[in-house]
Amino acid sequence: SGDLVVPFSFTGTATPGSDYTAPASPAVIPNGTTYVDVFVPVLDDDQLEREETVTFNILPSEAYSLAAGSATTSILASDLIPVSSFAVTQ
């Protein structure tokens with residue numbers, strides 16, 4: 001057993017570094033727990049833009065199986081990105 005290391009990436013139409021701050025991968029789920037929060041801060045770039053998307057992708061690993069491997073959300077005028085839940089099973 002031990003901690004579960006879950007690598008992830010981001011894709012979508014929003015630009016990391018100017019629209020949001022992408023947290024460092026991987027996420028580490030401590031032994032004895034079932035999840036970890038991954039926060040994605042939205043950056044206010046003072047530009048008038050259309051709705052942009054951010055897709056959070058859990059990368060495959062032999063250490064776990066995925067119920068769902070990705071989730072997409074939208075950034076609207078520098079709003080906070082809603083939290084999505086992911087389940088990984090060892």
Side-chain angles (χ1 to χ4, degrees):
S1 200
D3 295 345
L4 181 61
V5 177
V6 182
F8 60 86
S9 67
F10 290 94
T11 56
T13 59
T15 304
S18 63
D19 294 316
Y20 66 95
T21 301
S25 176
V28 178
I29 302 174
N31 188 33
T33 61
T34 58
Y35 71 94
V36 65
D37 293 323
V38 176
F39 296 97
V40 182
V42 174
L43 302 173
D44 187 3
D45 58 11
D46 293 325
Q47 294 180 3
L48 182 59
E49 299 175 295
R50 293 178 182 232
E51 178 179 318
E52 297 174 293
T53 61
V54 177
T55 301
F56 178 79
N57 306 290
I58 296 177
L59 304 178
S61 171
E62 292 182 10
Y64 52 81
S65 60
L66 294 172
S70 67
T72 300
T73 190
S74 297
I75 299 175
L76 304 171
S78 299
D79 290 337
L80 293 176
I81 295 177
V83 175
S84 295
S85 296
F86 293 91
V88 273
T89 306
Q90 280 184 297

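Small disclaimer: the values here were computed from a predicted structure and weren't measured.
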Residues which pass side-chain hydrogen bond (donor to acceptor under 3.5 Å, both in side chains) with [X], listed by chain and number, not counting sequence neighbours:
X     : result
Thr21 : none
Ser18 : none
Ser61 : none

Can you name the nearest heavy-atom pair linking [X] to [Y], along with the distance?
X     : Y     : result
Leu43 : Gly17 : CD1-O, 3.4 Å
Tyr64 : Pro7  : OH-CD, 3.5 Å
Ser9  : Leu59 : OG-CD2, 3.8 Å
Pro16 : Ala14 : CD-O, 3.6 Å
Pro30 : Val28 : CD-O, 3.3 Å
Tyr35 : Ile29 : N-CG2, 3.7 Å

If you define the side chain from C-beta out and look only at heavy atoms, does anything of Phe10 sit under 4.5 Å from Ser25?
no
Rounded to the nearest 0.5 Å, how far apart are OG1 of Thr33 and CG of Asp3?
7.5 Å
Result for side-chain contact (heavy atoms from CB on, under 4.5 Å) between Thr72 and one of Thr55, Thr11, Thr13, Val54 points to Thr55
Checking Asn57 side chain against Phe8 main chain: does a donor-acceptor pair fall under 3.5 Å?
no
